[in-house]
Amino acid sequence: MLTPVPALQAPDGSHLDLDALVDALSSDFAVSAGGKRLVHRTRLDTFDGRLRAAGLTLQHETTASTERLVLSGPDVASTIVAHVTDLGWPALAGALPDSPVRDAVAPVADIRALLVVADQRRRVRRLELRNKDEKTVARLELDEPTGASTDAAVVTVHALRGYEDQARRATRLLTGLGLRPAEEGGEPDSGPEESTPTIERDAPATKLIAMELGEFLSAMRENLPGLLDDVDTEFLHDFRVAVRRTRSTLKLGRPVLPPDMQSRWEPAFKWLGDVTTPVRDLDVYELELPTMSGWLVGADAGDLQPFAAHLRRRRAVQRRALVRGLRSVRYQRLDAGWEQALAELAASEDEQPSAGELADRSISKAYRRVVRDGAAISASSPAEDLHGLRKRCKELRYALEVFAPVIDKDSRKTAIADLKDLQDVLGRFQDSEVQRHSLREFAEEMMAAGTPAQVVLAMGELVGHLDAEQDRAREDFEGAFARFVRPSSDRRMRELGGRR
Amino acid sequence: MKVLATYNIKGGVGKTSTAVNLAYLAAREGRRTLLWDLDPQAAATFLFRVRPRVKGGGRALVTRKRPLEAAIKATDFENLDLLPADFSYRNMDLELDDTKKRTTRLSQLLRSVDDDYDIVFLDCPPSISLVSENVLHASDTLLVPLIPATLSLRTFGQLTRFVADSQENPPEVVAFFSMADRRKRLHRDVIDAISREHTRIADTVVPSLSIIEQMAEHRAPVPAFAPTSRAARCYEQLWAEVRPRAPEAAGHQSDRSAP
């Protein structure tokens, strides 16, 4: 197996002379140099950089005659290579050929597709260093740029297990020629990164809101191509998150925003939310189907196959509508008009109120509403009341996120953690409610289409499980709400709402 | 980590060829593979051009004076490492006999490389011995090459009884015909007549082919120097039949709603 060591390059980063390298190495080894191969190296990662975050580097290398995946990283004992054929990107890691590369990458990438994040062509020549028994004891790769690229040529010595001393000897011979460790290149195209923008508390509130809305517009635009190409489900999910945050920010900003934000843009983004909802709902079913299969007691997981096929058919129909909507003139006008509106908002000269004042007011109001509606929930409250409270919690959560740049970081973090517990319980309750209703609808459609009884019975088991889950969530609510309004949490929320 | 041993009480039946070629194929598909040449004749070690020498000999490994990892050598092939044979392995029975858990010591030793390899092949010497008992304990699968001849089947009977009697959870035994010559009536008759009732017999039959003998000349696995040969195809088919299946990739998690 190969253990790479730092690459070497000429001191001035110039061309490396093969003959000079071979001459230097021939004193200790029998050197055989292979021919130059054009290697196309494609670095892969998910859109949100999950492999990079996990310290993994995955490359798809193709030459005229070979194709392989090369994975390296801190949790991998050594570089893993898997020979593959005809791979195309984007692709889900779970769909890669059965190999240790897939085993290592799939849990990290999870539901996100692998995409090309960097792409380069190099001329690579492999040199084998052999001992007296003609056994290969070290390998070198002479890696040169192609065409007019100004990248440095580098040579890498790969040690072989049990022959590390030979690799060290080869490295010494090369450094004797004046070669030096190669400079690390910057990581191209590292993908989107989360960052908290900075703004002062006494800056105008409109400035903060314009800045946040601009971030959400960027997120929508970044995710749109992957959404339209259906690369993976998370492009739509993240697009919707940006839409939802935009809608909440518009609502939170009502006291300071121009009237047309409410009259024109709030309905525009509601439309966008509605356009994207049906496919997301179906995605959730498809993603949760393996978990749902695990709930079955009497039925067999295979009984749900016709349900999965039904979901796929419905999704295909809904996706066509979604793509039509997002390629429509209406959407293009929304995008362009919104950019213009944000530019005008950023340029407005309203000084009052300040971002800090609006943050205090919004958080305080949102918190009071959560406490009020939560206290009114009893064991017999209808599902709509719990759903209403869930919406209030989301408003508070968005307020804490939108005004993050002007509120205390640590308090905010703890407050969100407290709120998240309550949101989780309410989420479980509402998801069970929605899924139960949808399952009934799906079952009716499928029965009308002549689906066998055992499929509907299996779906009935899922409804039963969701019933029980909803009951559990309702039971958990009281404790979660009590924790949320406990004195220390209440004090923190009031401080975040400006009452110090 | 899965352990496969090529084993037969008889010698000269194709154990080493099988271990070398299948280990190469496992490595070629990206599995981190180790081949431990337990046979003091060191044929597999020779084929990979590695010197048949372990510092301190078999005794140092068995007594853990020398860690297994320290004796491992890379072969010329990606993902494929070799734990070389040493002439002192001829005394391995005695070394094992001196240890506390004398029938499970190899299994214990292999645990130290559990994280480094996906598959380990054990190329065993032909015998029934303490080394063999250790191999049975350490292996998930016993690959048994059989020459299609009456005596060979008789020995196979002894072997299956030995495996069945050796422990509570014996390894799976997968036999396959090796060095078969379809022109010989006896070979054909034996292949057709063998009972598959109590033993798993692989469908693949590895014929007697001169290209397999040429491994010693090329000092490389057949699929490496003759990738399109009939022998290479046979080993690929055999590997497809016996290769351990990888666990399923991790299940998906969903994130229903954004905060």
Side-chain angles (χ1 to χ4, degrees), chain A residues 1-2 68-69 77-84 93-94 96-103 105-108 110-111 128 130-131 133-137 159-163 233-234 237-238 240-241 244-245 280 283-284 286-291 393-394 397-398 401 416 419-420 423 427 430-431, chain B residues 1 24-34 45-55 68-84 113-119 218-220 223 227 240 243-259:
Chain A
M1 283 173 204
L2 304 178
R68 60 187 204 159
L69 286 172
S78 60
T79 301
I80 306 178
V81 177
H83 292 266
V84 292
L96 294 178
D98 179 6
S99 69
V101 172
R102 187 188 76 174
D103 296 345
V105 169
V108 179
D110 196 19
I111 55 176
E128 307 267 350
R130 296 203 169 90
N131 64 11
D133 300 327
E134 294 183 48
K135 166 82 183 76
T136 305
V137 290
L160 296 182
R161 188 167 191 167
Y163 300 96
T233 56
E234 299 313 280
H237 178 252
D238 291 351
R240 280 171 55 76
V241 170
R244 217 173 314 154
R245 286 182 170 162
R280 176 61 195 168
D283 280 348
V284 170
E286 206 162 329
L287 292 167
E288 289 189 355
L289 216 48
T291 310
C393 287
K394 280 191 177 183
R397 177 80 174 261
Y398 287 130
E401 286 174 353
I416 286 181
L419 180 58
K420 195 173 172 302
Q423 282 188 292
Q430 182 61 17
D431 288 351
Chain B
M1 187 178 82
Y24 170 81
L25 292 172
R28 194 176 73 176
E29 64 184 27
R31 309 206 174 266
R32 298 166 303 162
T33 307
L34 174 70
T45 305
F46 171 82
L47 288 175
F48 285 116
R49 297 177 189 273
V50 175
R51 287 175 195 165
R53 185 164 178 273
V54 172
K55 226 178 193 177
L68 220 56
E69 305 93 288
I72 293 173
K73 300 282 184 186
T75 69
D76 288 2
F77 305 99
E78 260 170 348
N79 295 324
L80 179 53
D81 289 349
L82 177 84
L83 185 49
V113 294
D114 192 43
D115 290 339
D116 291 352
Y117 297 98
D118 302 308
I119 293 186
H218 291 274
R219 298 182 78 172
R243 68 201 275 271
R245 303 289 156 203
E248 287 298 308
H252 292 162
Q253 290 176 345
S254 69
D255 175 13
R256 182 176 167 78
S257 57

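Proteins get letters first, then strands, A, B, ... in listed order; numbering begins at 1 in each.
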Gap separating the CG atom of B:L34 from the CZ atom of A:R161, nearest 0.5 angstrom: 8.0 Å
Tightest non-hydrogen contact, residues B:G30 and A:P100, listed as O-CG, 3.0 Å
Side chain to side chain, A:D133 and B:R219, heavy atoms closer than 4.5 Å: no
Most heavy-atom pairs under 4.5 Å with chain B, out of A:P97, A:G162, A:A93, belong to A:G162
The reported gap from CG in B:D81 to CG in A:L160 (rounded to nearest 0.5 angstrom) is 9.0 Å
Salt bridge A:R68-B:E78, side-chain N to carboxylate O under 4.0 Å: yes
Within a strict 4.5 Å, meaning less than it, do heavy atoms of the A:V137 and B:K73 side chains meet? no
Ring-face cation of A:K135 near B:F48 (centre distance under 6.0 Å, axis angle within 45°): no
Is chain B contacted by the side chain of A:D283, its backbone, both, or neither, given a heavy-atom distance below 4.5 Å? neither
Tell me, side chain or backbone of B:D118 under 4.5 Å from chain A's heavy atoms, or both, or neither? side chain
